[in-house]
Enquirer: 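Quick one: the structure is below, and I'll ask about it shortly.
Just the heavy atoms: all of them, side chains too, but no hydrogens, waters or symmetry mates, feed the values below. Along the sequence shown, residues are numbered consecutively beginning with 1. Fair warning: this is a prediction, and the values are worked out from it, not measured in the lab.
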Amino acid sequence: MAGGGGKKEKGEGLGRALIRQRNKAAAAVKDRGDALAHARRRAQPLESVIEVSDIDAVLERAAEADRLHSALADSVSSSDLVIDLDATGETDEERRRMQKEQEALHAGSLRVPRRPPWNSRMTVEELDENERRAFLVWRRNLARLEENDKLVLTPFEKNIDIWRQLWRVLERSDLLVMVVDARDPLFYRCPDLEVYAKEIDEHKRTMILVNKADLLPMNIRKKWADYFKAHDILYVFWSAKAATATLEGKILSGYSEQDSASLDLDTKIYGRDELLKKLQTEAEFIVAQRRAAAIKEDSRATSSDSVSSVAKHVVVGFVGYPNVGKSSTINALVGEKKTGVTHTPGKTKHFQTLIISEELTLCDCPGLVFPSFSSSRHEMVSYGVLPIDRMTKHREAIQVVADRVPRSVLEQIYKITLPKPKPYESQSRPPTAAELLRAYCASRGHVSHAGLPDETRAARQILKDYIDGKIPHFELPPGMVDTENEHEETSGLEGPTTSAYNESGGSDSDERDDTVDPAQPDMRHVLSDLESFDLATEGSKPAGKKKKEASHKQHKKPQRKKDRSWRVGNDGGDGTAVLRVYQKPAVNLSAVSASDKT
């Protein structure tokens with residue numbers, strides 16, 4: 001009996017030891033996860049990183065790459081290290097054509113970073129390590145594209161924590177809403193994000209919410225509607241600013257209620273209640289499709305009941321570029337201010353879940369800058385994707401505005417007069433950035449400390465007006481050309497103007513009929529430039545400061561003119577010194593002696 005009891009006690013002791021060991025391991029894993037979460041909370045606030053210029057950020061990413069180098073060591077072929085030193089005499093058209101070919105060839109490489117597969121049995125450390133490893137591989141693929149001289153890769157989001165917010169919103173949402181700006185929807189659209197949503201769940205759909213649709217005239221809105229329908233894109237026209245004004249009982253200038261009351265659903269600007277109903281209907285349709293697929297795979301009652309319980313509640317996620325109006329749309333749909341809204345892109349730092357009703361929940365994702373080939377950094381500043389306050393070259397961004405908006409519209413909006421093109425220049429050329437900035441500074445009195453025009457201040461104000469819609473502009477769908485009637489309809493200040501406007505370059509009424517020999521320089525151009533420069537100089541002087549008239553007490557003593565007739569004139573010599581000899585006239589000695597005798 002004693003022996004048997006001892007074996008039982010030994011068995012119970014071994015089992016308890018195994019249980020204690022497992023509990024200790026689980027507690028250790030939990031402590032490490034809590035420590036990692038606590039370290040993240042103590043870290044600096046979540047900020048968007050688009051351009052890595054800080055040395056600390058560079059060193060941090062270098063350390064991360066070194067830590068993961070053993071798991072991601074890729075063999076580099078010798079062809080990647082070949083440097084081509086041969087000069088190519090390519091024209092601009094050939095260079096653009098080759099760039100388009102390269103962009104089409106590498107279009108598949110511009111992908112949204114995917115979250116690696118995970119399950120509930122993975123620890124926090126394993127999940128974090130896998131995500132960083134996959135993100136580093138994505139960054140390296142884009143770095144290889146940046147090394148290609150024929151490709152220009154725009155700045156993109158480089159902070160993994162911002163992309164983690166997107167991953168969470170994609171996984172939770174039944175319907176994904178991509179908010180875009182109505183003035184150029186294709187610039188803000190990311191097709192690969194729609195593909196990624198399908199990879200997560202084949203039943204997920206993406207809706208294009210065309211915000212700021214009140215800035216488009218009806219005919220242009222109709223063209224975009226036809227383009228979306230032709231490409232099977234689910235879209236809705238919307239104006240968060242107009243919806244917010246309606247909630248507050250205000251009337252938005254330039255917005256007519258006929259746009260929201262239109263019977264044409266293709267071009268109609270949806271109101272708040274109509275958009276909420278549309279979102280809930282589309283999301284419930286997606287959930288119903290998922291339920292039907294689940295019932296088809298498994299006909300058991302438990303599966304049917306579990307899916308039907310999910311169908312009672314749907315989640316709609318909002319994603320897109322910074323400063324396109326995601327937070328403004330959320331506030332308008334909720335009916336009160338729930339998320340911060342500013343003109344500076346990147347206000348939202350974390351995704352937020354807002355419950356509209358028992359059947360509908362909205363998720364707001366921070367704005368992300370997706371990688372693309374379609375634009376330059378200056379265009380992204382003018383579009384409001386990158387912060388205006390951080391721009392270093394303001395003239396390039398202003399040149400984008402000057403190229404897209406007609407000269408007459410800029411003059412009427414700001415009540416300025418831009419310099420006209422010279423006679424030897426193209427009469428249809430857009431104004432330069434320097435001309436626009438200096439004319440704006442002269443009209444507003446913006447002067448820097450050195451007495452020069454404050455172009456930086458003027459550039460920021462013009463860009464803000466361009467982004468807010470004070471300067472009307474829009475883009476046409478691909479393959480569509482603006483007609484003359486549309487040009488006349490939208491050329492006024494009452495409605496937006498297209499960036500595709502081409503001012504007529506016909507004959508000027510002041511154009512001269514006389515011809516000039518092209519072999520010889522035409523001095524009239526130079527004289528006209530000098531004359532315009534003198535007029536501009538005189539006009540820039542303050543009118544109040546006049547030269548005082550000299551009084552009778554301030555008369556200066558008249559100076560005698562100096563005789564400089566001895567100087568040598570420009571007689572076409574070779575520049576050597578000239579010596580002039582003055583010879584006295586000869587004296588007749590005999591005549592002098594005869595006169596003396598007499």
Enquirer: With sequence neighbours excluded, what pairs up with T361 under the side chain to side chain donor-acceptor pair (under 3.5 Å) test?
Expert: H313
Enquirer: May I ask you to decide whether K229 forms a salt bridge with D266, counting only side-chain N to carboxylate O separations under 4.0 Å?
Expert: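 A salt bridge links K229 with D266.
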Enquirer: Could you tell me whether K278 and E282 have a side-chain N and a carboxylate O separated by less than 4.0 Å?
Expert: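 Counted as a salt bridge, because a side-chain N and a carboxylate O are separated by less than 4.0 Å.
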Enquirer: Short question: side chain of R272, backbone of A332 - any donor-acceptor pair under 3.5 Å?
Expert: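 Yes, the answer is positive, given that a donor and an acceptor are paired below the 3.5 Å cut-off.
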Enquirer: Looking at Y321, Y466, Y188, which hits ring pair (Phe, Tyr, Trp, His ring centres under 6.0 Å) with Y383?
Expert: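 Among Y321, Y466, Y188, the one that satisfies the ring pair (Phe, Tyr, Trp, His ring centres under 6.0 Å) with Y383 is Y188.
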Enquirer: How about NZ on K198, more than 12 heavy atoms from neighbouring residues, nucleotides or ligands closer than 6.0 Å, or not?
Expert: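 More than 12 within 6.0 Å, yes.
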Enquirer: Any heavy-atom pair between the side chains of L166 and V319 that's under 4.5 Å?
Expert: yes
Enquirer: For the CD atom of E284 and the CG atom of L175, what is their distance to the nearest 0.5 Å?
Expert: 11.0 Å
Enquirer: Is there a donor-acceptor pair closer than 3.5 Å between any side-chain N or O of W163 and the backbone N or O of R115?
Expert: no
Enquirer: Is there a side chain to side chain contact (heavy atoms under 4.5 Å, CB included) between L463 and I398? Walk through the geometry before answering.
Expert: CA-CA 7 Å; L463 288 174; I398 292 297; 3.9 Å; yes
Enquirer: Considering residues at least two apart in sequence or located in another chain, which fulfil the side chain to side chain donor-acceptor pair (under 3.5 Å) criterion with E396?
Expert: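 Listed in chain order: nothing, the list is empty.
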Enquirer: Is the CG atom of N119 crowded by more than 12 outside heavy atoms at less than 6.0 Å?
Expert: yes
Enquirer: If you compare all heavy atoms of N159 against all heavy atoms of F135, which two are closest, and at what distance to 0.1 Å?
Expert: C-CZ, 4.2 Å
Enquirer: Do V112 and L368 come within less than 4.5 Å of each other through their side chains, counting heavy atoms only?
Expert: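 No, too far: nothing below the 4.5 Å cut-off.
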Enquirer: When the ring planes of H231 and Y227 are compared, do they come out parallel, tilted or perpendicular, using 30° and 60° as the limits?
Expert: tilted
Enquirer: Indicate the atoms forming the closest heavy-atom contact of T281 with K277, along with that distance.
Expert: OG1-O, 2.7 Å
Enquirer: Just verifying a value: how many Å separate C190 SG and L110 CG, rounded to the nearest 0.5 Å?
Expert: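 Going from SG on C190 over to CG on L110, the span is 9.0 Å.
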Enquirer: Between E126 and R121, does a salt bridge (Lys or Arg N to Asp or Glu O under 4.0 Å) hold up when you go through it step by step?
Expert: CA-CA 10 Å; E126 292 176 353; R121 295 186 299 272; over 6 Å; no
Enquirer: Are any of the side-chain heavy atoms of L276 and Q280 separated by less than 4.5 Å?
Expert: no
Enquirer: Does the Lys NZ or Arg CZ of K158 fall within the cation-pi geometry relative to F156 - under 6.0 Å from the ring centre and within 45° of the axis?
Expert: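 So K158 does make the cation-pi contact.
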Enquirer: Would you name the heavy atoms of P185 and W224 that are closest together and state the gap between them?
Expert: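 So the minimum-distance heavy-atom pair works out to CD-CZ2, 3.4 Å.
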Enquirer: Applying ring pair (Phe, Tyr, Trp, His ring centres under 6.0 Å), name anything that partners F237, two or more places apart in sequence or on another chain.
Expert: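 Testing F237 for ring pair (Phe, Tyr, Trp, His ring centres under 6.0 Å), a comparison that skips the adjacent residues, returns Y235.
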Enquirer: What are the two closest heavy atoms between I356 and L333, and how far apart are they?
Expert: CD1-O, 4.3 Å
Enquirer: Enter the distance from K464:NZ to K470:NZ here, rounded to the nearest 0.5 Å.
Expert: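 If I round to the nearest 0.5 Å, the distance is 12.5 Å.
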Enquirer: Tell me if a side-chain donor or acceptor on D174 pairs with a main-chain N or O of V315 at a distance below 3.5 Å.
Expert: yes
Enquirer: Would you call D226 and K223 a salt bridge, using N to O less than 4.0 angstrom?
Expert: no
Enquirer: Give a yes or no on this: more than 12 heavy atoms of other residues, nucleotides or ligands lie within 6.0 Å of atom CG of L247.
Expert: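 Enclosed.
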Enquirer: Answer yes or no: is there a side-chain heavy-atom contact under 4.5 Å between V316 and M207?
Expert: no
Enquirer: Under the side chain to side chain contact (heavy atoms under 4.5 Å, CB included) criterion, do L362 and F318 qualify, and how do the steps go?
Expert: CA-CA 8 Å; L362 306 181; F318 288 79; 3.8 Å; yes
Enquirer: Stepwise, does the side chain to side chain contact (heavy atoms under 4.5 Å, CB included) test hold for I208 with E194?
Expert: CA-CA 10 Å; I208 303 297; E194 304 174 16; 3.9 Å; yes
Enquirer: Let me confirm one number: the CG-CZ distance from N141 to R111, rounded to the nearest 0.5 Å.
Expert: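 Reported value, rounded in 0.5 Å steps: 9.5 Å.
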Enquirer: Knowing that exactly one of E171, E199, E131 qualifies, which makes a salt bridge (charged side-chain N to carboxylate O under 4.0 Å, His left out) with R114?
Expert: E199
Enquirer: D465: which residues meet the side chain to side chain donor-acceptor pair (under 3.5 Å) condition with it, sequence neighbours left out?
Expert: Y414, Q461
Enquirer: So, applying side-chain contact (heavy atoms from CB on, under 4.5 Å) with W238, which one of V179, N211, V177 is it?
Expert: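 Passing option: N211.
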Enquirer: If I take atom CZ from residue R404 and atom CZ from residue R183, how far apart are they, to the nearest 0.5 angstrom?
Expert: 11.0 Å
Enquirer: Can you tell if the side chain of M380 reaches within under 4.5 Å of the side chain of V369, non-hydrogen atoms only?
Expert: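 With C-beta onward as the side chain, the pair touches.
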Enquirer: With L209, which of V324, L275, L234, L279 fulfils side-chain contact (heavy atoms from CB on, under 4.5 Å)?
Expert: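 Among V324, L275, L234, L279, the one that satisfies the side-chain contact (heavy atoms from CB on, under 4.5 Å) with L209 is L275.
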Enquirer: Should the pair K212-D181 be classified as a salt bridge under the 4.0 Å nitrogen-to-oxygen rule?
Expert: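 The answer is yes: the pair qualifies as a salt bridge.
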Enquirer: Are any non-hydrogen side-chain atoms of F187 and S372 less than 4.5 angstrom apart?
Expert: no
Enquirer: Does any non-hydrogen side-chain atom of D128 lie less than 4.5 Å from one of T123?
Expert: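 Answer no - side chains too far apart.
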Enquirer: When rounded to the nearest 0.5 angstrom, what is the spacing between OG1 in T206 and CD1 in I233?
Expert: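 So the gap between those two atoms works out to 10.5 Å.
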Enquirer: Shortest non-hydrogen contact from N130 to M122?
Expert: ND2-CE, 3.0 Å
Enquirer: Checking R172 now: which residues fulfil side chain to side chain donor-acceptor pair (under 3.5 Å) with it, not counting sequence neighbours?
Expert: none
Enquirer: What are the two closest non-hydrogen atoms of T267 and A225, and how far apart are they?
Expert: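 Shortest heavy-atom contact: CG2-CB, 4.3 Å.
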Enquirer: For Y196, which residues count as a ring pair (Phe, Tyr, Trp, His ring centres under 6.0 Å) partner, sequence neighbours excluded?
Expert: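 Scan of Y196 (ring pair (Phe, Tyr, Trp, His ring centres under 6.0 Å), adjacent residues dropped) gives none.
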Enquirer: I'd like to know whether K241 forms a side chain to side chain contact (heavy atoms under 4.5 Å, CB included) with D468, so could you lay out the CA-CA distance, the side-chain angles of the two residues, the decisive distance to 0.1 Å, and finally the verdict.
Expert: CA-CA 11 Å; K241 191 174 182 180; D468 294 341; over 6 Å; no
Enquirer: Should I471 and I462 count as side-chain neighbours, where that means a heavy-atom distance under 4.5 Å?
Expert: yes
